[in-house]
Amino acid sequence: MASEPITIETRDVPPRAAWALEQAGVHPLLARLFAARGVKGADEIEDSLTKLLPPAGLLGAAEAASLLADAIGAASRICVVADYDCDGATACAVILRGLKMLGADTANLAYVVPDRRVHGYGLTPAIVDLAIETAAPDVLITVDNGVASLEGVAHAAAHGLSVIVTDHHLPAQVDGRVVLPEADVIVDPNQPRCTFASKHLAGCGVAFYVLLALRAELRERGEFNLENQPRLDTLLDLVALGTVADVVRLDRNNRCLVGQGLRRIRAGRMQPGIAALFAVAGRDPRQASAADFGFAVGPRLNAAGRLADMSLGIECLLTDDIARAHELATTLDAINRERRKLEAGMREDAEALVDRALAAAGAVEPAFAIFDPGFHEGVVGIIASRLKDRLHRPTFVFALGQDGQLKGSGRSVEGLHLRDALDLVSKQQPLLLKRFGGHAMAAGCTIALEDLDAFRMALHGAARSLGAAPAARSVATDGPLPAKHWSADTVRLIEREVWGAAFEAPVFCDNVDVVSQRLVGEKHLKLAVRLNGTVRDAIWFGRVEPVEGRVRMAYRLGLDSYNGNERLQMIVVAAEPPRSATSPSA
């Protein structure tokens with residue numbers, strides 16, 4: 001399936017900010033990269049724990065702490081209701097490990113996690129019933145879900161349970177009005193009236209902040225003092241993993257959480273499950289980077305929730321038995337291999353469906369919605385993301401659920417808030433969507449099998465109404481990479497920093513001459529290019545079409561390791577006709 005052309009743009013580098021960073025001792029290349037991402041001073045990249053926002057500003061955290069302190073003191077049974085993705089799994093492990101550290105008896109702690117194919121998402125009445133049946137709790141605490149679970153919270157309350165919702169998603173809306181569940185406490189930076197400065201905490205981040213508030217509450221009650229209080233920073237490897245894997249914006253507070261977690265992992269101070277996942281992924285934790293979370297460790301946890309049971313992932317993160325952690329990580333690795341194989345077949349079928357739709361329409365549609373009876377519900381989100389990247393259009397992929405209804409996962413592009421689009425569809429056709437939720441870039445919904453065409457047309461209309469004719473695809477780069485920075489040390493310098501959503505890893509661009517090119521593995525383009533008189537190795541993953549003889553190439557700098565030898569490699573992101581050379585600023 002052909003992709004639309006990509007325009008290569010270069011970020012502006014505010015010279016005053018870059019100069020201030022360099023004067024403060026920041027490496028000149030990093031000073032340029034940070035300044036281009038809005039950093040104005042060295043204090044903004046400091047990741048010490050003292051730079052974290054205080055939990056006092058997070059609405060509901062103090063009330064949740066008081067309720068949990070009472071529950072611990074009364075030996076009440078507490079059940080965590082998790083989510084089936086990496087953020088939900090890490091949040092569950094964070095809250096359970098933290099409660100134990102803060103005095104809860106392990107015998108009084110339990111968790112349940114939904115099966116996406118059976119229970120769906122969030123605190124549903126069915127999950128409440130499962131928790132009552134398996135754990136007989138007095139208190140339910142949700143992690144990474146619950147803020148839109150109106151029925152589930154009401155069902156729990158009707159059974160006499162106290163409910164603490166910890167979440168980071170947007171609340172439900174009814175007739176354009178925000179409606180919150182009637183929980184005992186809600187902790188969510190995106191709920192109304194919450195003034196917490198970071199609206200982008202992941203679910204695991206919210207769980208960590210609840211523990212900070214609980215520790216402060218227990219300190220006030222005289223359970224311990226500043227000198228002997230439990231060290232909750234031992235949980236930051238889990239928080240870092242979940243934060244990066246959930247692709248939340250890496251604002252200053254989140255970069256601090258991730259940076260601290262990476263420091264612990266590199267120093268060998270991590271949960272046995274994290275160490276085991278690094279091992280099965282073939283990654284060295286001493287050189288851990290945020291990319292390892294997003295592309296190696298996170299997918300192995302997510303695979304369990306997609307194809308099997310996320311309790312496998314949660315158990316891996318909870319166990320202190322090194323052998324058991326390795327056993328579970330090996331199982332997760334095998335499930336992830338199965339996921340990749342399934343994804344490859346589904347992606348081929350999905351691309352064929354899109355090609356036929358494009359041919360039939362005769363023009364690029366404002367949004368896409370596809371379905372095939374063979375699609376697996378656990379992988380539709382990945383396929384939607386892949387198609388969105390190629391089409392640069394909002395895309396939904398549906399699979400047939402066990403209840404006979406279509407379960408869809410959608411991904412969007414800048415310019416179209418996907419949850420708002422679904423909300424508009426629900427207003428225009430109230431009976432079409434059985435259920436929906438999500439946020440700007442990702443959302444999900446359930447529809448009847450016979451309503452697929454109606455949904456497709458309604459989605460097109462919503463996209464047009466919201467002005468979502470996407471701009472031409474572009475990739476933001478950091479300009480040319482000066483020759484003095486072409487080294488393995490530069491790769492390591494960059495990888496030590498925290499990069500991710502809204503603080504993207506560096507991409508450079510230069511005019512190059514293509515010396516040679518060939519396919520490797522049948523689906524990747526291996527190139528040799530001449531840059532400033534030097535021939536460099538390059539690879540373009542997923543590209544099979546040949547490249548013109550002279551192009552402007554956008555690339556990341558990486559290291560290709562083989563038989564113990566390392567060599568620099570350009571990892572190509574995009575290419576376009578060459579432009580006049582520009583002078584780098586560092």
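Note that the structure is a prediction, hence the values are computed from the model and not measured.
With Lys199 contributing its side chain and Pro189 its backbone, the two residues share a donor-acceptor pair below 3.5 Å. With Asn228 contributing its side chain and Asn225 its backbone, the two residues share a donor-acceptor pair below 3.5 Å. Remark: side-chain polar atoms of Gln229 are not paired, donor with acceptor, to backbone N or O of Arg215 under 3.5 angstrom. Listed for the Asp184 side chain is no donor-acceptor partner under 3.5 Å among the backbone atoms of Ser162. Formation of a donor-acceptor pair under 3.5 Å by the His159 side chain with backbone atoms of Leu161 is not found in this model. With hydrogens and angles disregarded, no donor-acceptor distance shorter than 3.5 Å links the side chain of Arg411 to the backbone of Ala384. A distance-only check finds a donor-acceptor pair linking the side chain of Gln260 to the backbone of Asp47 [under 3.5 Å]. Side chain of Asn302 to backbone of Arg300: no donor-acceptor contact under 3.5 angstrom is found. In this structure, Asp237 contributes its side chain and Ile265 its backbone to no donor-acceptor pair below 3.5 Å. Remark: the backbone N or O of Ala202 is not paired with any side-chain donor or acceptor of Asp246 at under 3.5 angstrom.
The minimum heavy-atom distance linking Ala240 with Gly261 is given by the pair CB-CA, 3.8 Å. The minimum heavy-atom distance linking Gly122 with Pro114 is given by the pair O-CG, 4.1 Å. Between Pro181 and Leu150, the shortest heavy-atom distance links the atoms N-CD2, 3.4 Å. Between Leu99 and Leu211, the shortest heavy-atom distance links the atoms N-CD2, 3.9 Å. Shown here for Ala213 and Ala62, the closest heavy-atom pair between the two residues is CB-N, 4.5 Å. For Cys445 against Leu422, the heavy-atom pair with the smallest separation is CB-CD1, 4.3 Å.
Side-chain atoms of Asp167 and Gln191, non-hydrogen and from C-beta on, never get closer than 4.5 Å to each other.
Residues Arg386 and Asp389 are not paired through a salt bridge, judged by the lack of any N-O separation under 4.0 Å between the basic side chain and the carboxylate. A salt bridge links Arg97 with Asp320: at least one charged nitrogen is closer than 4.0 Å to a carboxylate oxygen. Ionic pairing of Glu327 and Arg324 is present here: one or more N-O contacts between side-chain nitrogen and carboxylate oxygen are shorter than 4.0 angstrom.
A donor-acceptor pair shorter than 3.5 Å cannot be found between the side chains of His168 and Asn190. If you check the side chains of Thr319 and Asp321, you find no donor sitting under 3.5 Å from an acceptor. For the residue pair His417 / Asp423, no side-chain donor-acceptor distance below 3.5 Å is found, with atom types taken as modelled.
Around CD of Glu220, the count of heavy atoms belonging to other residues, nucleotides or ligands within 6.0 Å does not exceed 12. Within 6.0 Å of CG in Leu49 there are more than 12 heavy atoms belonging to other residues, nucleotides or ligands. In Arg117, the CZ atom is crowded: over 12 heavy atoms of neighbouring residues, nucleotides or ligands sit closer than 6.0 Å.
To the nearest 0.5 Å, atoms CD (Gln271) and CG (Leu235) are separated by 6.5 Å. We find the CD1-CD1 distance between Ile164 and Ile78 to be 7.5 Å, quoted to the nearest 0.5 Å. We find the CZ-CG distance between Arg252 and Leu257 to be 12.5 Å, quoted to the nearest 0.5 Å. Taking CG from Leu301 and CZ from Arg306, the interatomic distance works out to 11.5 Å, rounded to the nearest 0.5 Å. With values rounded to the nearest 0.5 angstrom, Ile141 atom CD1 is found 9.0 Å from Leu67 atom CG.
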### Task
For Asp284 and Arg286, run salt bridge (charged side-chain N to carboxylate O under 4.0 Å, His left out): C-alpha distance rounded to whole Å, both residues' side-chain angles, the deciding distance at 0.1 Å, then the answer.
CA-CA 5 Å; Asp284 182 357; Arg286 295 171 299 180; 3.1 Å; yes
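In summary, of the residues considered (Asp188, Ile127, Leu123), a side-chain contact (heavy atoms from CB on, under 4.5 Å) with Thr142 occurs for Leu123 alone.
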